[in-house]
Amino acid sequence: MNTTRLVVIGNGMAGVACVEQILKHNAAFDITIFGDETHVNYNRILLSSVLAGEKDFDDIVLNDIDWYRKHGIRARLGVRVEAIDRTAKTVRGSDGSLTPYDKLIIATGSSAFVPPIEGRNKAGVFVFRTLDDTRQLIEFAGPGIKAAVIGGGLLGLEAARGLQVRGCDVSVVHLAGHLMERQLDPTGGSYLEAYMRNLGVAVLTNKATKAMLGNGHVQGLHFADGSAIDANLVVVAAGIRPNAQLAKEAGLAVNRGIVVSDHMETSDPDVYAVGECTEHRGEVFGLVAPLLEQGKVLAAAITGNKGPGFNGGSTVARLKIMGADVFSAGDLDETKPHTEVVKFEDPALGIYKKLLLRHNRLVGVILVGDASDDHRYVEWLRSATDLTAQRRHLLTPPPSPDGGFDVAQMPDSETVCGCTGVSKGEIIQAVHTHGIQTMAQLKDRTRASTGCGSCGTLCQKLLKAVAPEFEEDKVKVLCDCVPFTQDKLRDIIRSQKLKSVQAVLDIYGNSIGCEICKPAISYLVDVVWCGDHKEDRSARYINDRVHANIQNDGTFSVVPRMRGGVTTPAELRRIADAAEKYNVRMVKVTGSQRIDLLGVKKEDLPRIWADLDMPSGQAYAKGLRMVKTCVGNTFCRFGTQNSIDTGIEIERRLENLYTPHKTKLGVVGCPRNCAEATVKDIGLIGQDGNWQVVVGGAAGKGVRKADLLITVETTEEAIQATELFFQYYRENANYLERTYDFVERLGIDKVRRDTVYATAEVRQGLLDRLARSKTRSSDAWLERNDPRPTQFVQIQPLDNWS
Amino acid sequence: MSQPKELPWLRITRADSIPAREGRSVRLGGMEIAIFNLGERFVAIENACPHRGGPLADGIVSSQGDGVTVTCPLHNWRISIEDGDVRKPSGKGHACVRTFDVKVENGIILFRPAPRVSETAA
Ligand code: SRM
Ligand SMILES: Cc1cc2nc3c(=O)[nH]c(=O)nc-3n(C[C@H](O)[C@H](O)[C@H](O)COP(=O)(O)OP(=O)(O)OC[C@H]3O[C@@H](n4cnc5c(N)ncnc54)[C@H](O)[C@@H]3O)c2cc1C
Ligand code: SF4
Ligand code: FES
């Protein structure tokens, strides 16, 4: 047979991307890939997002096991290549195997560099390079942990943010005078530092770590200047070193990395190298874009299609921390002759932009706080555009007709995805030839947006413009006024400390908003700050301005709270009196075990509430509606649990709180389920000796039987499980997402893991935040005593119409 | 079309009795007017949605890049509070609402009864 045996050492990003390219050339190769990690090829870049909890491990797989199978590739995972015998043309695996090759590709990447600091072998000291490292960090991190990250570069900062999101108390320790000193000038560094501080990460610059203290397990860091800090988790992110030892031992030319030609050839004609393990014209690499470029060049060369060679790396760097936009590219040396510097600074907004030009051409750029224009700059850098005509719009693009970024204005050659080097033209061609309709298909076909993901919005815009059948992916932005997903908005609100709807709209939106985004943002600021926000009623729906449900004729309905469906003769008497006094159109028993007074004029609301002297039932709000109960063991001969008291207690604990959508509960005393708990957002089903707590039920537009969250023995445990789920739903669901969709979307296993089975700290966190919100909440109908200006009155003109 | 006769300005209420970005209704003669405080200015329109008469003063102030609108609280129609046209549902054939002149002087909102824009003079 005429197939060439190709062996690849290293199952990482560059090696596998190169194999993907080789497959495109349809060459007859019999491919074996060795990887000392046990995982299939995954996106290393996104480990930062995994650490920060934004992505799951499953989300970052680039090629699953079926891909290897489909292409007949033998994957030897968990096997390390220990030696290369260039004479016999074999590689020896850590399992003792000898594998012959005709052609060999070394793609061993690099390893985290740990400086020889005293005490660095202590437990609790980690690096951040692989999926396993990330797993360990996640396992170790949590509230109460003091973490120190050594290194204030891209990797260190992303690690710091991830740990901080997981509840650690984080300090970044940096040797240089400012953060990311290789990509930023001191001013840019200080803006970034302010961002990090804002996020809650402490930053120590000019700090050389001398020793890691502690007995067995690390307890702190000691610095050259004599100072010290406590730390029981340390991440060393002080740089990387190419894995070139294997090549060196095999006698290949190696300096800092494996020396390669412009076509990725090593000093042996049958051996190639690609990725971070290489050294090209004296340079080594640490970002993915140039490495993927290398892969393309190598694939062409090894399949006999040698084309243009590799000519060095791009220097585009982006920090992947939500709410801290940092972008840097090109040559930042402003001392070189003929360099012009154009700058913009807004300390209040935290925005710093700096462009370096030579002879009217962009040579370098720094963006902190707002990197929304980065594509323009990358294109100017790449094509060395003469910017004479654009001088007035260097820092802010001229407004495009539709008020947004106009994809039509981009030249076809412009790179859309910097990581994978896919241009606008390639995307359009792929859309046309393969009938691409979704982002997932686009990623699959072109690999665009599979790197750091920062071009995702741009890809979506392109798809929308080009693909006739474009389907939005599940991740939807809140609305056109504030084009961010709700997850991202939550993060922005938290990290930028935005406490009012208007602040969010002014900085991240079109400053006016609409009936879709304003109530949603109102909800988000409330829940993020546990009620400690600036309430803006103009952003709330009328029902939440006057605490009643608007009816078809502009009057309102009034539903007092009747906890657990239990009332008293005195309450009923007041209800009857009020109904007569205010001429309500109808008194109705609702489907939720309480009484509705329908047809009340807005002006009358404060008075009818006062007469009723009962709290609001929130029948109008996206909030806790009611807890329906059955009579339970207090009366019923089959009752096994006290459903009435339990329901009333839960209603007391959760009432007056907003939720993403309305939330309805039910508590029943036995599985006969007389109050329909199995079709409620949260249901408690009493059984002999225990309670079942079920969540995500529905009996509205659709019917869904709730999933079992947990079975517990005591009533207090059941109430606590209810609270955990309630707060978890509050914090994680999208606005207007009922629990039945939320639970279905996440899966009950994840919900369980994150609530009742979460670590004690996580559970306590949920309960604490719920308690904080509860303390700040109050019965909405008490606003009758202190209404906002003309909240309920009909304005009477000072002059009259004659 | 004859030019409407200059009518006197009527004093309605103190400007600070309408919170920013909210509307309030006022009954004047046989008409209900919705007055909105847009922060830097006030606007006034008829307080009845062309759909089914919903109280526009109770709506949320909104915008879709085509001027400032109010979203009716009943079925989410969007009505321009600058020219009174229905912006959503889009398409021709909807009656528009009347708009009126308002201004603030010495902290008092003044209103002029004659409609500012002529009703669809087809
Ligand atoms: C008053 C009441 C009917 C009654 O006379 O019994 C009622 C009235 C309305 N329901 Fe309901 N629902 C009422 C119990 C229910 C129930 C039964 C229950 O709570 O156990 C359900 C099924 C359970 C559920 O919530 O899913 C129910 C499922 C709905 C739905 C469908 C929700 C879904 O996602 O499937 C809507 C529409 C929506 O929310 O989008 C809705 C919406 C409405 C609205 C708010 C429509 C609206 O937006 O104006 C109605 C307000 C009428 C008014 O002018 O006051 N109502 N509604 C009940 C008030 C209960 C209370 O005391 O608070
Ligand atoms: C947390 C994190 C965030 C990052 N963020 C970005 C970013 O935003 N943008 C960007 O451009 N880059 C980023 N990078 C860098 C990027 O991930 C690397 O540049 C890229 O993964 C390098 O690819 P590679 O194939 O050369 O090396 P790797 O992906 O490391 O792959 C090499 C593989 O070979 C294996 N191996 C080594 N020796 C052997 C052997 N002897 N036998 C068998 N297997 C072996 C290694 O275990 C590894 O699995 C980030 C890196 C990390 C760790
Ligand atoms: S659910 Fe059981 S306990 Fe409750 S009323 Fe029905 S039969 Fe009685
Ligand atoms: S009454 Fe205004 S939208 Fe229906």
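Being a predicted model, the structure only gives us computed values, none of them experimental. Reminder, nothing fancy here: chain letters follow the sequence lines and each chain counts from 1.
- The two residues A:Lys518 and B:Ile60 come nearest to each other via the heavy atoms CE-CG2, 3.4 Å.
- In this structure, chain B has no heavy atom under 4.5 Å from any part of A:Asn543.
- A:Phe484 CZ to A:Ile492 CD1: the interatomic distance, rounded to the nearest 0.5 Å, is 4.5 Å.
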From CA spacing to verdict: salt bridge (Lys or Arg N to Asp or Glu O under 4.0 Å), B:Arg41, B:Glu82: CA-CA 11 Å; B:Arg41 67 197 159 113; B:Glu82 323 217 37; 3.3 Å; yes
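- In this structure, chain A has a heavy atom under 4.5 Å from the side chain of B:Pro55, while its backbone stays farther away.
- Of the listed residues (B:Arg52, B:Arg78, B:Gln64), the greatest number of heavy-atom pairs within a distance under 4.5 Å of chain A belongs to B:Arg78.
- Residue B:Ile109 does not touch chain A at all, counting heavy-atom pairs closer than 4.5 Å.
- The residue among A:Arg537, A:Gln551, A:Arg540, A:Gln502 with the most heavy atom pairs within less than 4.5 Å of chain B is A:Gln502.
- Proximity to chain A is limited to the backbone of B:Asp16, based on heavy atoms less than 4.5 angstrom apart.
- A salt bridge links B:Glu22 to A:Arg788: at least one charged side-chain nitrogen sits closer than 4.0 Å to a carboxylate oxygen.
- Ranked by heavy-atom pairs under 4.5 Å with chain B, the list A:Ile542, A:Ile516, A:Asp553 is led by A:Ile542.
- Between chain B and the options A:Cys517, A:Cys514, A:Cys479, A:Gly554, heavy-atom pairs under 4.5 Å are most frequent for A:Cys514.
- By the 4.5 Å heavy-atom criterion applied to side chains, A:Ile493 and A:Val525 are counted as neighbours.
- One finds a salt bridge joining B:Arg11 and A:Asp799 here, because a Lys/Arg side-chain nitrogen approaches an Asp/Glu carboxylate oxygen to under 4.0 Å.
- At a 4.5 Å heavy-atom cutoff, the contact between A:Asn510 and chain B is made by side-chain atoms alone.
- Look at A:Arg607 and A:Asp604 and you find a salt bridge, because one of the NZ, NE, NH1 or NH2 atoms lies within 4.0 Å of a carboxylate O, short of that distance.
- Between chain B and the residues A:Thr790, A:Asp536, A:Ile550, the most heavy-atom pairs under 4.5 angstrom are made by A:Thr790.
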